[in-house]
Amino acid sequence: MTRVNLPGWYGLGSALEAETDRDALRAAYREWPVLSSLLDVAEMSLAKSHEGLAREFLDRAGRPELTATILEEMRRTREQVLDVLDQTTLLEHKPHLRTAVALRRPLIDALSRVQLHCLEELDTAGADTEEGRPWHRALLLTISGMAAGLQNTG
């Protein structure tokens with residue numbers, strides 16, 4: 001649960017940016033159920049992501065160029081989705097979902113912080129050691145809590 005939700009949006013921003021006829025994209029969103037579903041899922045996925053926490057999780061891999069690529073695509077996708085949906089904020093036209101995400105965010109953010117700490121402790125202690133077992137269990141609990149709070153497993 002890296003707070004990236006990568007499968008829900010990655011690559012979409014580049015694809016939308018390649019289409020220069022914004023009116024055609026907006027019309028397609030209104031008229032094509034597959035495209036509207038795709039953009040709605042991406043919007044929700046982006047709303048549940050957290051760029052700062054995503055950076056912290058991604059940075060753990062020690063691949064700053066990969067982190068930069070992913071976060072740039074996240075920003076691009078957010079910008080493109082908002083443009084096609086003619087919105088200034090994510091979930092702007094979905095107030096019930098916006099409220100649900102906003103109410104859960106502080107709790108999910110706290111669980112993300114705990115999860116990052118567990119990962120650091122596991123790195124130090126070792127996942128298969130006696131010292132690492134409590135941190136492994138705590139990590140699994142944060143994953144379950146975040147999946148329940150985010151209502152997905154991305």
Side-chain angles (χ1 to χ4, degrees), residues 1-19 29 34-85 87-154:
M1 304 294 299
T2 62
R3 299 301 296 281
V4 179
N5 293 325
L6 196 71
W9 55 263
Y10 193 81
L12 181 60
S14 293
L16 293 173
E17 189 175 63
E19 176 53 63
Y29 172 76
V34 172
L35 182 62
S36 62
S37 292
L38 176 73
L39 290 173
D40 288 346
V41 167
E43 179 187 24
M44 175 59 80
S45 194
L46 288 164
K48 292 178 180 181
S49 67
H50 185 294
E51 188 174 336
L53 287 166
R55 177 182 304 282
E56 290 185 53
F57 280 103
L58 291 167
D59 281 347
R60 293 185 47 73
R63 299 277 311 275
E65 72 286 356
L66 188 56
T67 297
T69 298
I70 291 170
L71 294 179
E72 177 55 34
E73 183 65 18
M74 178 188 272
R75 286 186 286 274
R76 178 182 298 112
T77 303
R78 184 180 299 115
E79 177 183 300
Q80 292 297 316
V81 166
L82 288 172
D83 182 59
V84 173
L85 299 182
Q87 297 177 176
T88 57
T89 60
L90 294 170
L91 304 176
E92 186 174 316
H93 301 301
K94 299 170 182 87
H96 291 88
L97 292 174
R98 184 179 64 243
T99 300
V101 169
L103 288 173
R104 292 183 182 121
R105 182 174 294 277
L107 301 170
I108 300 304
D109 290 353
L111 281 174
S112 294
R113 292 272 168 224
V114 171
Q115 189 176 71
L116 281 163
H117 183 74
C118 290
L119 290 168
E120 290 168 12
E121 292 295 334
L122 279 169
D123 284 348
T124 302
D128 296 328
T129 67
E130 188 67 32
E131 299 83 26
R133 280 195 198 110
W135 295 109
H136 186 258
R137 173 127 173 83
L139 177 65
L140 294 176
L141 289 171
T142 65
I143 292 169
S144 293
M146 289 173 64
L150 291 169
Q151 296 187 340
N152 68 9
T153 56

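Listed by first and then second residue, the salt bridge (Lys or Arg N to Asp or Glu O under 4.0 Å) pairs involving residues 36-53 are D40-K94, E43-K94, E51-R75, E51-R78 (not counting sequence neighbours). Applying the salt bridge (Lys or Arg N to Asp or Glu O under 4.0 Å) test to residues at least two apart or on different chains, the pairs with a partner in residues 112-129 are E56-R113, R60-D123. Listed by first and then second residue, the ring pair (Phe, Tyr, Trp, His ring centres under 6.0 Å) pairs involving residues 125-152 are H117-W135 (not counting sequence neighbours).
Checking side-chain atoms of S45 against main-chain N and O of N5 turns up a donor-acceptor pair under 3.5 Å. A donor-acceptor pair is defined here as one N or O able to donate and one able to accept, closer than 3.5 Å; no such pair exists between the side chain of T77 and the backbone of M74. Distance alone, capped at 3.5 Å, is enough to place a donor-acceptor pair between the S49 side chain and the L46 backbone. The backbone N or O of S14 lies less than 3.5 Å from no partner atom in the side chain of Q80, so there is not a single donor-acceptor pair. Side chain of R98 to backbone of L91: a donor-acceptor contact under 3.5 angstrom is found.
Ion pairing between E79 and R76 fails under the 4.0 Å rule for side-chain N and carboxylate O.
Residues T88 and L82 fail the side-chain proximity criterion, which asks for heavy atoms closer than 4.5 Å. Within the 4.5 Å cutoff, the side chain of R3 has heavy atoms near those of the I108 side chain. You'll find the side chain of V114 stays beyond 4.5 Å of the side chain of L141, heavy atoms only. The shortest side-chain heavy-atom distance between V81 and L16 falls under the 4.5 Å cut-off. Residues Y10 and V4 are not in side-chain contact: their nearest non-hydrogen atoms beyond the backbone lie 4.5 Å or more apart. Considering only heavy atoms from C-beta on, L107 stays 4.5 Å or farther from L111 through its side chain. Side-chain atoms of L6 and E73, non-hydrogen and from C-beta on, never get closer than 4.5 Å to each other.
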